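A short worksheet on the structure shown next.
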Amino acid sequence: MMKLQTQIPLFPSENQIKYSSRIMLLGSCFSENIGKKLEYYKFKTLQNPFGILFHPLAIENLIQKALDQYKYSEEDIFQLDGRWHCFDAHSELSSGSKEVLLKKLNDALMNIAKALKEASHIMITLGTAWVYEHKERNAIVANCHKVPQKEFRKKLLSQTEVKSSLIKTIESIKNINPKAQIIFTISPVRHLKDGFVENQRSKAHLIAAVHEVLDSPSFGGGKGEAYFPSYEIMMDELRDYRFYERDMVHPNRLAIDYIWEKFMNMWISKEEVVPMEKVSEIQKGLAHRPFDPESDAHKKFVKSLAQKITYIKERYPFLNFDDSNS
């Protein structure tokens with residue numbers, strides 16, 4: 001039989017995710033694709049409380065500030081076009097009120113610190129090695145917030161700089177949570193605004209640095225650090241533009257579903273497959289919109305759905321379906 005696709009060999013991990021696990025996801029937009037899948041199946045997750053973070057220094061800075069119990073103040077934020085922003089966070093946290101923004105930032109930091117101490121699994125998705133340094137503040141930013149380009153210096157982090165940042169991140173986590181399973185992955189989203197060659201250089205630095213860390217005696221090798229090849233699956237197994245959105249950059253739903261299946265086979269415990277199927281049935285039922293809510297058929301459907309929810313909550317009391325299809 002002809003093989004029309006090269007496939008990356010993947011094997012089940014030793015420390016797999018269960019419904020009892022606590023999962024934290026940080027990093028680029030692809031971490032949100034996986035995070036939404038985990039949320040859909042009602043795993044206990046905390047996903048990007050500071051919004052999307054693209055590069056390793058932004059993630060390192062966030063984790064360190066959370067663990068240091070840093071308190072954001074007016075010195076850390078700025079106003080542009082009527083809204084308040086923070087260079088450490090994504091614009092989704094920005095606000096028309098500086099008080100609201102500061103509360104969001106400090107509440108998120110407390111949530112992150114708590115999650116870092118309690119997480120069984122921490123997934124870190126790296127998007128780019130290109131960073132922007134704000135000239136006046138002399139600091140690398142996580143997000144430019146459409147501040148004029150002339151106020152920044154753009155630079156490509158070297159493999160050594162990425163490696164150093166990842167080691168600091170791992171050590172910070174392990175100091176307060178030695179048993180945490182850290183999973184690194186490289187986002188399959190190409191940053192073509194940087195340029196085609198520049199994007200490949202960036203991804204190469206990230207990939208080389210991650211594996212250098214994982215291959216070192218101090219990390220990897222069953223010590224709680226691992227790698228999931230999101231980028232490699234997209235580039236090698238899904239090497240066709242039918243797997244991309246119309247922008248030809250972001251993976252489409254089909255590609256995300258495919259990579260999720262690979263992730264699930266590697267990182268989700270087999271014993272959770274049946275409850276996941278039951279959760280999916282409930283989610284589809286909650287998303288259903290009847291033609292006639294007063295019909296006998298719909299009332300029977302609602303009763304059956306309630307029984308399914310009762311059944312699964314007896315085994316997993318923490319599951320919450322009140323927020324519907326989250």
Side-chain angles (χ1 to χ4, degrees), residues 22-29 31-32 35 39 44-128 131-148 151-153 155 157 161-162 164-180 182:
R22 292 183 177 274
I23 310 145
M24 184 176 189
L25 301 102
L26 296 171
S28 82
C29 51
S31 66
E32 303 207 332
E39 286 181 352
K44 289 177 280 190
T45 64
L46 179 66
Q47 175 183 306
N48 275 346
F50 260 43
I52 294 167
L53 301 174
F54 294 103
H55 61 78
L57 294 183
I59 297 168
E60 176 198 342
N61 175 60
L62 175 63
I63 288 174
Q64 197 56 58
K65 282 185 173 175
L67 297 180
D68 287 345
Q69 298 182 325
Y70 187 83
K71 187 84 170 177
Y72 279 96
S73 66
E74 285 191 39
E75 295 179 358
D76 299 304
I77 62 176
F78 65 96
Q79 191 176 34
L80 180 69
D81 297 330
R83 290 181 65 78
W84 289 89
H85 309 273
C86 177
F87 280 128
D88 288 347
H90 191 270
S91 56
E92 69 181 54
L93 273 76
S94 298
S95 172
S97 163
K98 61 183 176 183
E99 291 79 14
V100 170
L101 173 58
L102 289 172
K103 187 176 189 309
K104 284 182 180 180
L105 294 169
N106 289 316
D107 286 351
L109 271 190
M110 286 193 293
N111 291 335
I112 292 164
K114 184 174 185 291
L116 287 169
K117 294 172 185 175
E118 298 176 352
S120 59
H121 297 75
I122 299 173
M123 185 173 180
I124 296 176
T125 305
L126 305 174
T128 183
V131 299
Y132 289 85
E133 182 180 18
H134 192 260
K135 295 176 184 177
E136 184 178 337
R137 293 176 181 247
N138 195 31
I140 302 291
V141 303
N143 194 295
C144 294
H145 299 293
K146 298 183 179 179
V147 171
E151 295 190 26
F152 299 94
R153 282 185 291 267
K155 64 171 283 189
L157 296 176
E161 288 173 312
V162 175
S164 175
S165 177
L166 296 180
I167 289 173
K168 289 175 184 175
T169 292
I170 293 171
E171 289 178 341
S172 294
I173 294 170
K174 294 295 183 176
N175 282 339
I176 51 94
N177 188 352
K179 295 183 179 179
I182 303 173

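All values derive from a computational prediction rather than experimental measurement.
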Worksheet item: Can a salt bridge be assigned to the pair Lys155 and Glu133 using a cut-off of 4.0 Å between side-chain N and carboxylate O?
Response: no
Closest non-hydrogen contact found for Tyr70 with Leu109 is O-CD1, 3.3 Å
Taken to the nearest 0.5 Å, the spacing of Leu105 CG from Tyr72 OH works out to 6.0 Å
Closest heavy-atom pair, Ala180 versus Ala119, reported as atoms and distance to 0.1 Å, is CB-O, 3.9 Å
Practice prompt. Flag the pair Leu53 / Asn61 as yes when at least one side-chain heavy-atom distance between them is below 4.5 Å, and no otherwise.
Written response: no
- Message: So Thr125 and Leu25, do their side chains get closer than 4.5 Å, heavy atoms only?
- Response: no
*Under 3.5 Å, is there a donor-acceptor pair between the side chain of Ser28 and the main chain of Leu126?*
no
Nearest heavy-atom approach of Ile63 to Ser172 is CG2-CB, 4.1 Å
| said: Please check this pair: side chain of His145 against backbone of Ala89, looking for a donor-acceptor N/O pair closer than 3.5 Å. | reply: yes
- [ ] Start with the C-alpha distance between Lys98 and Glu74, add both sets of side-chain angles, then the distance that settles side-chain contact (heavy atoms from CB on, under 4.5 Å), and finish with yes or no.
- [x] CA-CA 8 Å; Lys98 61 183 176 183; Glu74 285 191 39; 3.3 Å; yes
Step through the shown structure and confirm whether more than 12 heavy atoms of other residues, nucleotides or ligands are within 6.0 Å of CG on Asn175. yes
Between the CD atom in Gln64 and the CD atom in Glu171, the distance rounded to the nearest 0.5 Å is 10.5 Å
One should read off an interatomic distance between Glu60 CD and Ser164 OG, to the nearest 0.5 angstrom, of 7.0 Å
Report yes if the side chains of Asn48 and Leu26 come closer than 4.5 Å at any heavy-atom pair, otherwise no.
yes
Q. Does a side-chain heavy-atom distance below 4.5 Å link Asn177 with Leu116?
A. no
Interatomic distance, CD1@Ile112 vs CZ@Phe50, rounded to 0.5 Å, equals 5.5 Å
* Using a 4.5 Å cut-off on heavy atoms from C-beta on, say whether the side chain of Lys174 contacts that of Ile182. => yes
Fill in: His85 side chain to Ser94 side chain, donor-acceptor N/O pair below 3.5 angstrom
yes
Nearest heavy-atom contact between Lys71 and Asp76 is O-OD2, 4.1 Å
Rounding to 0.5 Å, atoms OG (Ser95) and CD1 (Ile77) come to a distance of 9.0 Å
Check: Quick one: does His134's side chain get under 4.5 Å of Phe78's, heavy atoms only?
Finding: no
Interatomic distance, CD1@Ile23 vs CD1@Ile122, rounded to 0.5 Å, equals 11.0 Å
Given the options Val100, Leu102, Asp107, Lys104 meets side chain to side chain contact (heavy atoms under 4.5 Å, CB included) only with Val100
Smallest heavy-atom separation, Ala108 atom then Pro49 atom, equals CB-O, 3.9 Å
**Item:** Donor-acceptor contact below 3.5 Å, side chain Ser165 vs main chain Glu161
**Value:** no
Only one of Leu57, Thr128, Ile140 passes side chain to side chain contact (heavy atoms under 4.5 Å, CB included) with Leu157, and that residue is Leu57
Within the supplied structure, the quantity of interest is the number of heavy atoms (other residues, nucleotides, ligands) at a distance under 6.0 Å from Lys135 NZ; does it exceed 12? yes
Would you say the side chain of Val131 lies within less than 4.5 Å of the side chain of Phe54, judging by non-hydrogen atoms?
no
(message) Would you say that Arg153 contacts Asn138 through its side chain, given a criterion of any heavy-atom pair below 4.5 Å between the two side chains?
(response) yes
